[in-house]
Amino acid sequence: MSEWITNGLPPVGVLVEILMYSGNIHKDMVIRDKYGNYTFRDYVDKYVSAWRYIKEESNKGKLNNTNKKENKTMMKNTKENRVATMQTAGLDTKKYFSVNFPEGLKPGSSISIIINDDGQAVITNKSEIDNYNEIAEKIQNGYVRNTKLHRRWVMAQMFRMLNYKDKWSNDPDRAGYNYYLNTMYNYEYQFKMLIDELNVLAHLEKEDKEVLEERTRFFNKEVVIALCSDYYRKLRKYVETLKIKHCKKEPYVRIGNKDIFMKDIINKLYDPILRNIKLMETFETYKDLCDSLKVFVNYFVDYYKLPWNTPKCAEWKDAYKGAGAYYTMMNMAKFHNCFVVDDENGRELKGMAAVRYIDSESKNNVGYGYRLFAMMNKMIEDNNFNWKNRLEEIYSEKK
């Protein structure tokens, strides 16, 4: 049997034996996954401590006496056998210790470990083990709390919009964030995006009040009411510009692809819209608000469509800018070593100091997303931050 190898990966497609950090030995091979990365087929790379080649007869399914003896030993799965196997592979076992877990301990439970007077690791407060069922229920509901990853896709979207240029024109007015927001998304996009956000807020309302407070600084009940009211006002203005047609001498207009008689337009369109908006104002949960907005979109927004280039709601745009700027700054501070300047004293804040400052500014500017957007632009300029170059740097480090 060949020696254990602790560096690198075996050749692709070659069946080898792998030694896990637990001391167990398995057979596996390296493959190329759908993302082009080389990894073990059946086991996670980070849990593999070493690997070694198998003799030809072993690949054919024939185990020699040495393999049988080793496998028999590993089947015992004792602490001594695991330590001996790892030491044979040249691994330092001094930094590891073993713990005897209590019976009935479920995956995902939390335990506290201390080192006693004899230098042994033992579990303390066994009676206070967390119940895994609560965690499993949250996963089933589709929400797992993770406050460390501040919606990193938002940052990518932000820089895509900031750096946008119309490839068919050199006009500077046909580039940048505002041009992208105004021309790449139609009026209905506001409602579809807001429904998705309200659905998330409905989950957070039950699962995570802290993150709920963070996200409702931007998209909240007030923005929903403002958007629906904006649709109502712009619909009325749009109807005034339409050509009046006649059917059996009765005047009517065509809104989108739908016809409606002028005598019915107040009772069958305008008043129902206002009643729905009034009803939304009474809702106290984001689930009810989300369901109500879905009905509003189905019965009005999608049925009586406004032109594609209708200007978007000012309150929605402000919330969209504020949320994008907030999560972009958070990610710049957390993952890209960027600083932010404190406006009061001019100090450069980095790390968690920057994170706390950005969070404080977002709380102080609820309803003023454009201020956070300006703050983000200054942070990008102060750090001379280039998103494209940063991505190239990150991926070059991975290679």
Side-chain angles (χ1 to χ4, degrees), residues 151 153-166 169 171-201 215-242 255-257 269-270 273-274 276-277 280-281 286 289-290 292-328 362 365-377:
R151 305 177 71 191
W153 66 269
V154 176
M155 180 179 183
Q157 174 71 356
M158 172 61 75
F159 279 98
R160 180 161 57 249
M161 297 174 71
L162 288 172
N163 299 327
Y164 176 77
K165 292 181 180 179
D166 188 341
S169 172
D171 186 351
D173 292 334
R174 298 172 66 87
Y177 183 92
N178 288 326
Y179 179 78
Y180 190 103
L181 180 61
N182 293 331
T183 59
M184 295 300 169
Y185 300 129
N186 61 14
Y187 190 83
E188 286 76 25
Y189 170 78
Q190 301 173 102
F191 292 90
K192 293 180 174 59
M193 177 267 168
L194 197 50
I195 287 174
D196 290 340
E197 182 69 11
L198 291 176
N199 187 49
V200 174
L201 296 180
R215 292 182 73 141
T216 51
R217 297 172 198 169
F218 311 104
F219 293 102
N220 46 43
K221 181 178 177 180
E222 288 71 24
V223 175
V224 175
I225 302 301
L227 178 58
C228 294
S229 301
D230 183 77
Y231 169 78
Y232 170 73
R233 291 190 299 270
K234 288 173 180 173
L235 178 65
R236 295 200 64 152
K237 287 184 179 180
Y238 175 59
V239 169
E240 292 174 1
T241 67
L242 296 176
I255 307 174
N257 294 322
L269 182 57
Y270 294 156
I273 289 177
L274 291 175
N276 271 265
I277 294 175
M280 288 182 191
E281 294 174 349
Y286 281 103
L289 197 59
C290 181
S292 180
L293 186 60
K294 289 178 183 178
V295 172
F296 189 88
V297 171
N298 289 336
Y299 279 88
F300 304 117
V301 179
D302 285 345
Y303 202 80
Y304 298 101
K305 289 182 178 293
L306 291 176
W308 188 90
N309 59 347
T310 301
K312 295 176 179 61
C313 171
E315 289 82 357
W316 180 89
K317 287 178 65 175
D318 189 76
Y320 192 83
K321 283 186 175 183
Y326 172 73
Y327 292 113
T328 297
S362 72
N365 289 285
V366 174
Y368 299 95
Y370 68 91
R371 294 178 181 172
L372 293 179
F373 191 79
M375 178 180 168
M376 176 201 67
N377 282 324

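Starting from 1, each residue takes its place in the sequence as its number.
- Between M280 and L293, some side-chain heavy-atom pair lies under the 4.5 Å cut-off.
- Using a 4.5 Å cut-off on side-chain heavy atoms (C-beta onward), E315 and L227 make no contact.
- By the neighbour-count criterion of 12 heavy atoms within 6.0 Å, atom CG of D171 is densely surrounded, having more than that number from other residues, nucleotides or ligands.
- The residues D230 and R233 are annotated as salt-bridged, a charged nitrogen and a carboxylate oxygen being separated by less than 4.0 angstrom.
- Geometrically, R160 does not engage Y180 in a cation-pi contact defined by less than 6.0 Å to the ring centre and at most 45° from the axis.
- The closest side-chain heavy-atom distance from Y286 to E197 is not below 4.5 Å.
- At least one side-chain heavy atom of I273 sits less than 4.5 Å from a side-chain heavy atom of Y231.
- Between the N186 side chain and the W308 main chain, no donor and acceptor come within less than 3.5 Å of each other.
- A donor atom on one side chain and an acceptor atom on the other are not found under 3.5 Å apart for N178 and K317.
- In this structure, the side chain of Q190 engages the main chain of C313 through a donor-acceptor pair within 3.5 Å.
- Closest approach of A325 and M158 over heavy atoms only: N-CE, 3.6 Å.
- In this structure, F218 and Y320 have side chains that are not in contact, with every pair of non-hydrogen atoms separated by 4.5 Å or more.
- Contact annotation: the side chain of F300 never approaches that of Y232 to less than 4.5 Å [non-hydrogen atoms, C-beta and beyond].
- Side-chain contact between Y238 and T310 is absent, with no heavy-atom pair separated by less than 4.5 Å.
- More than 12 non-hydrogen atoms from other residues, nucleotides or ligands lie less than 6.0 angstrom from OH of Y270.
- Shown here is Y368, whose OH atom has no more than 12 heavy atoms of other residues, nucleotides or ligands within 6.0 Å.
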